[in-house]
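Letters A, B, ... are given to chains in the order of the sequence lines, protein chains preceding strands, and every chain is numbered from 1.
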Number of protein chains: 2
Amino acid sequence: MTESPPTTRSARTRARIADAARALFAEAGVTATSVRDIAERAECDPALVIRYFGSKEALFTAVVQFDLMLPELRGLTPGAAAERLAGHFVRIWETRESGEKFQTLLRSATSHEPSAERLRAVFAGQVQPVIAAFCGEGASAGDTAAKVASVVLGVALGRYILRLPPLTGIAPERLPDLIATSLEPILAAGLPARLQPREDGDPSP
Amino acid sequence: MTESPPTTRSARTRARIADAARALFAEAGVTATSVRDIAERAECDPALVIRYFGSKEALFTAVVQFDLMLPELRGLTPGAAAERLAGHFVRIWETRESGEKFQTLLRSATSHEPSAERLRAVFAGQVQPVIAAFCGEGASAGDTAAKVASVVLGVALGRYILRLPPLTGIAPERLPDLIATSLEPILAAGLPARLQPREDGDPSP
DNA sequence: ACTATATTTCAACAAGTGTTGACAATTGCA
DNA sequence: TGCAATTGTCAACACTTGTTGAAATATAGT
């Protein structure tokens, strides 16, 4: 998980450059961050950035690699699944390194195709399957994934990128619960019919 | 609502420039769209763009003015309120001019502060009050507004900006309903306790 | 100390940006 | 037709961008 501290001198400045880039990309997006900005923050010459990573695009690619490592949801109740999903995403967002990577992708994706492409790949390859497994043979897996993605993306965008007051005002500890309550009805509706609670609320036997 | 067609020649090219800018801003964002791009699409000289609007920033401001004109929700049931809200937003998104304006803001806001600021102003001034009115004296108006904003922003981002397959795959006619089902439980939870349906589902008298 | 390698600095490039002011063309009015 | 105002064109400015290659410095091995 955590990188071991680099030994050789070049590896150390290489790491400084990567750290600076990750932070700046997250704060301002890829296109709004210049190679010179990165170099200044890493306290080195702009030419070194290119020398060590080949190009700005390659630096972006190197700095944004990550795995959501979503938990398995198959067989859980909607409430439990919503809790795990919400807690997992909040943990990713509030952890510095993974948070910066996620913010970089979200912030850049709107006018930087490689970022958008990576986000699409992450959702198709990691989120979609987990939701489909939860829904079982329910034909509505597509709709459910769409709704889950909306909520997750919406919270992340509003809180970390747009900084909308209603979302920034929420304390981090309350965040998982708030997301879970939005997610639970969505997940409940995604289950196959015979597993659904009846509308009049009669508890299942 | 619709502008009357311009009479003088300068007003006509001014309108061509505004149209071109609105479309390009929506497609690529403000910063990724150059004055020369706009001029090319409007079939005029780049200098004219500045002449007629003063600066690129001023052109952005002029082209992005709009009013959500949200319906009043006070006193509605959660289901009805969710339906109206969802239908209203979808109509905005799927109408060319307002859709382009919304996309411009959303796409640019991630690395263009004026866009972010305008989005925040729209939510604080237009969405928040409508939700607060619906919630009545419920103390949870803030949370409810946060959740509503998440869903709305998330759908718009995923469908129109990131183009995530699960969201782009939904037919426009099905979209309002899909959003409404996400919104309804959120709005229901935002009502003051004495108006809430009991957990065991007993219908109110 | 001298050499060879690793690391960094510097100056410059070509391309693209928003913006400006001087000039040319077109239009409408007398 | 001639004059004046409106509208459009052109070339250039100052600046920033990613990237490059040669030169300078620092580090380590003998």
Side-chain angles (χ1 to χ4, degrees), chain A residues 3 5-64 104 107-108 110-115, chain B residues 3 5-64 104 107-108 110-115:
Chain A
E3 306 287 330
T7 54
T8 83
R9 194 152 66 102
S10 62
R12 227 174 325 151
T13 66
R14 210 189 121 99
R16 280 210 324 274
I17 292 172
D19 284 353
R22 195 167 10 79
L24 288 175
F25 285 167
E27 280 171 30
V30 178
T31 49
T33 302
S34 74
V35 171
R36 285 166 174 85
D37 292 338
I38 298 170
E40 189 181 7
R41 174 140 176 173
E43 294 178 287
C44 74
D45 194 274
L48 274 190
V49 176
I50 302 296
R51 210 172 190 60
Y52 281 136
F53 289 89
S55 72
K56 187 186 169 184
E57 274 302 307
L59 171 56
F60 160 77
T61 308
V63 121
V64 103
T104 297
R107 200 183 284 276
S108 307
T110 53
S111 36
H112 182 247
E113 256 305 297
S115 289
Chain B
E3 305 285 331
T7 53
T8 82
R9 192 152 67 104
S10 61
R12 230 176 320 154
T13 67
R14 211 189 120 98
R16 279 209 327 272
I17 292 173
D19 284 353
R22 194 165 12 79
L24 288 175
F25 286 166
E27 281 171 28
V30 179
T31 50
T33 301
S34 74
V35 171
R36 286 167 174 85
D37 292 338
I38 298 170
E40 188 181 8
R41 174 140 176 173
E43 294 178 286
C44 73
D45 195 273
L48 272 191
V49 176
I50 303 296
R51 243 288 256 262
Y52 282 135
F53 289 90
S55 72
K56 187 186 168 183
E57 273 301 308
L59 171 56
F60 160 77
T61 307
V63 121
V64 102
T104 297
R107 198 183 286 275
S108 307
T110 53
S111 39
H112 182 247
E113 256 306 295
S115 288

List the atom pairs, with distances to 0.1 Å, where a side-chain N or O of residues 41-54 of chain B and a protein N or O form a donor-acceptor pair under 3.5 Å, not counting sequence neighbours.
| unit_1 | atom_1 | unit_2 | atom_2 | d |
| --- | --- | --- | --- | --- |
| B/Asp45 | OD1 | B/Ala47 | N | 2.9 |

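We find that B/Asp19 and B/Arg22 are joined by a salt bridge, their nearest charged nitrogen and carboxylate oxygen being less than 4.0 Å apart.
Among the protein residues, B/Tyr52 comes within range of the sugar-phosphate backbone only, with heavy atoms under 4.0 Å from sugar or phosphate atoms but none that close to a base.
A straight line from CD1 of B/Ile17 to P of D/dT9 spans 10 Å, rounded to a whole angstrom. Separating the CG atom of B/Leu48 from the P atom of D/dT9 is a distance of 6 Å, rounded to the nearest angstrom. Nucleotide D/dT16 holds its C1' atom 15 Å from the CD1 atom of A/Ile38, rounded to whole Å. Straight-line distance from the CD atom of A/Glu43 to the P atom of C/dT8: 12 Å, rounded to whole Å. Distance, A/Phe60 CZ to D/dT19 P: 14 Å, rounded to whole Å.
Side-chain atoms of A/Thr8 come within 3.5 Å of backbone N or O of A/Ala11 as a donor-acceptor pair.
Counting only heavy atoms from C-beta outward, the side chains of A/Phe60 and A/Pro114 approach each other to under 4.5 Å.
Within 6.0 Å of the CD atom in B/Glu40, the count of heavy atoms belonging to other residues, nucleotides or ligands does not exceed 12.
Minimum heavy-atom separation, A/Ser115 to A/Ser108: OG-CB, 3.2 Å.
Where DNA chain D pairs in unbroken runs of 3 or more (Watson-Crick or G-U, both distances under 3.5 Å), the stems are C:1-13 with D:18-30, C:15-29 with D:2-16.
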(message) Generate the contact string for nucleotides 12-30 of chain C. Rules: B means base contact, S means sugar-phosphate contact only, - means no protein heavy atom under 4.0 Å.
(response) B----BBBBB-----S---
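Phosphate proximity of D/dG8 to B/Thr13: present, with a side-chain N or O under 4.0 Å from OP1 or OP2.
Paired with A/Phe25 under the rule side chain to side chain contact (heavy atoms under 4.5 Å, CB included), one option of A/Val63, A/Asp37, A/Thr31 passes, and it is A/Val63.
Atom CD of residue B/Glu113 and atom OG1 of residue B/Thr110 lie 10.5 Å apart, to the nearest 0.5 angstrom.
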